[in-house]
Undergrad: 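Provided herewith is a single structure, encoded as structure tokens, for subsequent inquiry.
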There are 2 protein chains.
Amino acid sequence: MPTLKFSRQREAIKGYLAGTKEHPTADTVYAELKKDYPNISLGTVYRNLNLLVDMGEIIKIPTSDGGIRFDFDVSDHCHLICEKCGRVEDISLDESIISSINDQAQSTYDGLVKDHEIQFFGLCKHCLEETNTQ
Amino acid sequence: MPTLKFSRQREAIKGYLAGTKEHPTADTVYAELKKDYPNISLGTVYRNLNLLVDMGEIIKIPTSDGGIRFDFDVSDHCHLICEKCGRVEDISLDESIISSINDQAQSTYDGLVKDHEIQFFGLCKHCLEETNTQ
DNA sequence: GTAGATGCAAAATGTTTGCATGGGG
DNA sequence: CCCCATGCAAACATTTTGCATCTAC
């Protein structure tokens with residue numbers, strides 16, 4: 001594999017992802033970076049996002065509508081997708097459950113279980129309050 | 001909403017999904033049905049798959065590569081995605097874990113947790129054996 | 001100077017939609 | 001007969017890719 005060279009754009013992408021809790025799509029990253037780097041291209045954003053995923057510096061979150069969102073937080077955590085507004089929020093689970101879940105799965109599966117990902121569906125705080133007051 | 005009318009194609013789609021454990025993509029469904037119904041169109045497959053999802057007769061499985069697969073089994077179960085061949089297989093978990101996981105998530109979340117979905121990553125039986133013998 | 005990174009645009013994917021036609025009720 | 005479902009193709013949205021240029025090293 002080729003040696004990685006410094007890139008102002010890649011740093012900016014990492015910086016933006018590190019500073020937001022929004023779990024943005026590639027297009028959102030592009031729109032945000034365009035403010036500071038008017039010449040940046042969508043292709044560059046995609047190329048760098050995929051690079052960062054391959055290097056394990058960020059993770060992909062596939063949503064049920066087929067879209068993909070990106071997250072700078074690579075620690076073991078889950079996401080809730082708001083069924084109303086589509087927002088993606090972080091959720092943490094008890095360590096004991098998370099660590100036993102792979103073993104549980106492995107015990108009935110004849111292949112190899114390496115890892116897992118848990119996604120929740122429901123309403124974010126904002127949409128829940130809106131529902132309650134209507 | 002309009003009344004649903006019988007459709008030979010929709011029945012065939014349901015029939016195919018009911019008879020396979022392959023968790024096919026829309027395109028695979030199309031290719032399979034084309035054998036029996038050479039005139040069927042991709043648009044019809046997509047329209048009916050979406051219809052069936054909306055009616056709750058089948059479920060969508062979003063995979064990490066951004067693709068979507070369909071499953072006739074709407075019961076509460078999980079999937080393992082093989083990192084090597086992309087195959088999607090069923091995995092069952094202990095009832096007690098599944099039922100407590102929403103409560104666990106809800107206890108630290110300020111919105112509303114309704115449902116969840118667990119995906120595992122690893123190797124299917126076939127790819128595991130291939131790895132071991134190499 | 002060389003190889004990787006970029007911007008741009010074209011191409012490749014995957015999915016939806018408009019419309020005239022066909023078929024179930 | 002009416003209206004939904006279909007086939008077909010065009011439209012769309014999203015992601016990847018080819019290529020000339022630029023830039024880190």
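A, B, ... follow the sequence lines: proteins, then strands. Residue 1 opens every chain. Values reported hereafter were calculated over all heavy atoms of this structure, with side chains retained and with hydrogens, waters and symmetry mates removed.
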Undergrad: Are OP1 or OP2 of C:dT6 and a side-chain N or O of A:Asn48 less than 4.0 angstrom apart?
TA: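 Indeed, a polar side-chain atom of A:Asn48 lies that close.
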Undergrad: Does A:Ser7 make a side-chain N or O approach to OP1 or OP2 of D:dA24 shorter than 4.0 Å?
TA: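 A:Ser7 to D:dA24 OP1/OP2: no side-chain N or O under 4.0 Å.
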Undergrad: What is the distance, to the nearest angstrom, from the CD1 atom on B:Ile68 to the P atom on C:dT13?
TA: 18 Å
Undergrad: Please work out if B:Leu4 contacts a base, only the sugar-phosphate, or nothing of the nucleic acid, heavy-atom cut-off 4.0 Å.
TA: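 Sugar-phosphate contact only.
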Undergrad: How many whole angstroms separate atom CG of A:Asn39 from atom P of D:dT21?
TA: 17 Å
Undergrad: If I take atom CZ in residue A:Phe6 and atom P in nucleotide C:dT6, what distance separates them, rounded to the nearest angstrom?
TA: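 Going from CZ in A:Phe6 over to P in C:dT6 covers 10 Å.
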Undergrad: Contact class for A:Tyr46 (heavy atom, under 4.0 Å): base, sugar-phosphate, or nothing?
TA: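 Base contact.
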Undergrad: Does B:Lys125, at its NZ atom, have more than 12 non-hydrogen atoms belonging to other residues, nucleotides or ligands within less than 6.0 Å?
TA: no
Undergrad: Closer to the 5' end of DNA chain C via nearest nucleotide, is it A:Leu51 or A:Pro38?
TA: A:Leu51
Undergrad: Taking any heavy-atom pair under 4.0 Å as a contact, classify A:Asp27: base, sugar-phosphate, or nothing.
TA: nothing
Undergrad: Using whole Å, report how far CG of A:Asp65 lies from P of C:dG14.
TA: 17 Å
Undergrad: Taking atom types as modelled, find out whether A:Thr63 and A:Asp65 have a side-chain donor-acceptor pair closer than 3.5 angstrom.
TA: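 A:Asp65 and A:Thr63 do have a side-chain donor-acceptor pair below 3.5 Å.
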Undergrad: Of B:Leu42 and B:Arg8, whose closest DNA chain D nucleotide lies nearer the 5' terminus?
TA: B:Arg8
Undergrad: Roughly, in whole Å, what's the span from CG in A:Leu49 to P in D:dT15?
TA: 10 Å
Undergrad: Send over the distance from A:Lys34 NZ to C:dT6 P, rounded to a whole Å.
TA: 14 Å
Undergrad: Do B:Glu130 and B:Leu123 have side chains that get closer than 4.5 Å, going by heavy atoms?
TA: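 B:Glu130 does not reach B:Leu123 side chain to side chain.
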Undergrad: Could you check B:Lys5 against A:Thr25 and say which one's nearest nucleotide on DNA chain D is further toward the 5' end?
TA: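 The residue whose closest nucleotide sits nearer the 5' end is B:Lys5.
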Undergrad: Quick one: is C:dT16 close enough that its OP1 or OP2 comes under 4.0 Å of any side-chain N or O from B:Arg47?
TA: no
Undergrad: What is the distance from OH of A:Tyr37 to P of D:dC22, rounded to the nearest Å?
TA: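 Rounded to the whole Å, the gap is 20 Å.
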Undergrad: Is the shortest side-chain N/O distance from B:Gln9 to OP1 or OP2 of D:dG7 below 4.0 Å?
TA: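 It does, given that an N or O in the side chain of B:Gln9 lies less than 4.0 Å from OP1 or OP2 of D:dG7.
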Undergrad: If you check every side-chain atom of B:Thr44, which of D:dC25, C:dG24, D:dG7 has the closest atom?
TA: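 Taking heavy atoms from C-beta onward, the closest nucleotide is D:dG7.
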Undergrad: Starting from C1' on C:dT15, measure out to OH on B:Tyr30 and report it in whole angstrom.
TA: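 Distance, rounded to whole Å: 14 Å.
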Undergrad: Go through the side-chain N and O atoms of A:Asp71 and A:His79 and say whether any donor and acceptor fall under 3.5 Å apart.
TA: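 Indeed, the side chains of A:Asp71 and A:His79 share at least one donor-acceptor pair under 3.5 Å.
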Undergrad: With distance as the sole criterion, is a donor-acceptor pair present between the side chains of B:Thr25 and B:Asp27 under 3.5 Å?
TA: no
Undergrad: With a 4.0 Å limit, can you tell me whether B:Asn50 has a side-chain N or O closer than that to the phosphate oxygens OP1/OP2 of C:dT16?
TA: yes
